[in-house]
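This report concerns only the one structure given below.
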Amino acid sequence: MITIMVTGAGAVLGQGIVKALQRSALDCRIVTADPSPLSSALYWAETAYKVPFASDPDYVDRFSEILAQEKPDMVLVGTDVELPCFAEHRHNLEEQFNTHILVSDPRVVAIADDKYLTQEFLTESDINPLATALPEDEEALAAVIEKVGFPLIVKPRIGARSAGVSLVQTEVELRETVKGRSGLMVQECAGEPDTEYTASALVFDGQAQASIVMRRDLRDGNTNRAYSDAYEDLNAFVRKAGEALQPYGPANFQFRIDAAGRPRIFEINARFSGATPLRALVGFNEVEMCIRKILFGEDIIEPEIRHGTILRHLSEQFVSAEQLDQVR
């Protein structure tokens, strides 16, 4: 039996990773961690721990204590905010505690974390970049307006689940939207909501070894419904993007199809994504594939995907006072 630790037990991503582990054929013991004892996935694991927030100076020390106690074979990161910390300390923690931490290097994490750097990467890699400018760069902003016109998207450079994102129709509206705010970017609006896709590529040894593309509907910034199909051309595109990015293992690409039929990436996540358990439902268990590759040296073989529709729904669980007391 192997021990797998999953952080971010209160996050959609962390919970999705645990669901994928439960759906896998792996004989594994699951350990979870989160800053809040009221995080659902803490109670889906054999052992659960309370940790500080990733921004806390004591985070690495606390996590080191847990690694020494649990000796997990692998650590899977379940929140964005923890990625930079694990990317920085990965090799030291792996060597000290004889574990594997599935996180990309700091360069890849930074590209995915900052949506402006994402578009710079896509430009350098010649992967259908979106026309993008910072509001304070008047010359670049004027060039974007001249090139693509309105509507335009105003969004935070660093953010998630569409928080703080605005669609502006005129230059006056644009000026009002960015007024008094910082950390924003202005971007071409390409593609309609019904042409939005979420995709995953698994990259090891410089090559994209498996990928999956699903069309999706959103609710509150998360995938609400997903539609699986072959999407052969889009999978080829995603593999190209993955090999250009060079993550360690999984990368998530979110894109729309523009009027010319081109996929246009607007977000990259250097990790598994919130749609991970949805992919596992159709036969693409990327969590299991990565674990088997890293721990057992097994080749990643493109799985056969079930074609159909995935409907997401709410669920509930009861936690007793005794269970709450067991979070360490």
Side-chain angles (χ1 to χ4, degrees), residues 54-55 79-85 87-88 104-193 195-199 218 220-222 237-238 240-242 244-247 251-260 262-271 273:
S55 57
T79 67
D80 285 312
V81 293
E82 294 170 300
L83 290 173
C85 179
E88 178 184 354
S104 292
D105 65 47
R107 178 194 70 87
V108 174
V109 170
I111 288 171
D113 192 44
D114 186 325
K115 294 176 179 59
Y116 187 73
L117 297 184
T118 296
Q119 292 304 318
E120 286 192 332
F121 157 74
L122 295 173
T123 299
E124 293 166 0
S125 304
D126 192 26
I127 306 178
N128 301 344
L130 293 162
T132 304
L134 301 178
E136 56 268 25
D137 188 339
E138 295 286 346
E139 184 177 347
L141 184 58
V144 168
I145 294 172
E146 181 178 358
K147 180 179 180 181
V148 301
F150 289 90
L152 292 171
I153 299 289
V154 179
K155 65 170 75 171
R157 290 179 60 167
I158 299 174
R161 293 175 296 281
S162 302
V165 176
S166 302
L167 181 70
V168 296
Q169 302 288 347
T170 66
E171 192 161 349
V172 171
E173 191 177 348
L174 170 60
R175 300 297 177 185
E176 286 298 316
T177 300
V178 302
K179 186 177 180 180
R181 299 172 66 189
S182 61
L184 299 177
M185 55 186 279
V186 181
Q187 191 170 77
E188 172 186 2
C189 180
E192 299 297 326
T195 69
E196 184 157 319
Y197 294 80
T198 180
L218 290 177
D220 300 327
N222 289 311
F237 169 78
V238 166
K240 175 185 175 183
L245 183 64
Q246 286 294 297
N252 168 242
F253 299 93
Q254 298 173 18
F255 58 90
R256 289 184 178 182
I257 307 300
D258 68 13
R262 299 176 299 170
R264 312 292 296 279
I265 294 171
F266 59 84
E267 182 169 326
I268 296 174
N269 295 300
R271 50 165 173 75
S273 81

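A quick note: this is a predicted structure, and the numbers were derived from the prediction, not measured.
- Exactly one residue among Q119, R264, K147 makes a side chain to side chain donor-acceptor pair (under 3.5 Å) with E188. That residue is R264.
- Under the salt bridge (charged side-chain N to carboxylate O under 4.0 Å, His left out) criterion, D113 pairs with no residue, sequence neighbours left out.
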List the steps, then state whether ring pair (Phe, Tyr, Trp, His ring centres under 6.0 Å) holds for F237 with F253. CA-CA 10 Å; F237 169 78; F253 299 93; 7.9 Å; no

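- Counting heavy atoms from C-beta outward, E196 and R256 have side chains that approach closer than 4.5 Å.
- The closest side-chain heavy-atom distance from I257 to P263 is below 4.5 Å.
- Between I111 atom CD1 and Q246 atom CD the span is 11.0 Å, to the nearest 0.5 Å.
- A 4.5 Å side-chain heavy-atom check between I153 and V165 finds at least one atom pair inside the cut-off.
- In this structure the side chain of K115 never reaches within 4.5 angstrom of the side chain of Q187, judged on heavy atoms.
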Can I145 and L174 be said to form a side chain to side chain contact (heavy atoms under 4.5 Å, CB included), step by step? CA-CA 11 Å; I145 294 172; L174 170 60; 4.1 Å; yes

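- A 4.5 Å side-chain heavy-atom check between E176 and V168 finds every atom pair outside the cut-off.
- Considering all non-hydrogen atoms of both residues, P135 and V186 come closest at CG-CG2, 4.0 Å.
- For the side chain to side chain contact (heavy atoms under 4.5 Å, CB included) test with Q254, the passing option among N269, L218, I268 is N269; the others fail.
- Within the model, atoms CG of L134 and CZ of R157 stand 5.5 Å from one another, a figure rounded to the nearest 0.5 Å.
- Around atom CD of E139, no more than 12 heavy atoms belonging to other residues, nucleotides or ligands sit under 6.0 Å away.
- At least one side-chain heavy atom of K155 sits under 4.5 Å from a side-chain heavy atom of M185.
- A donor-acceptor contact closer than 3.5 angstrom is absent between the side chains of T195 and E192.
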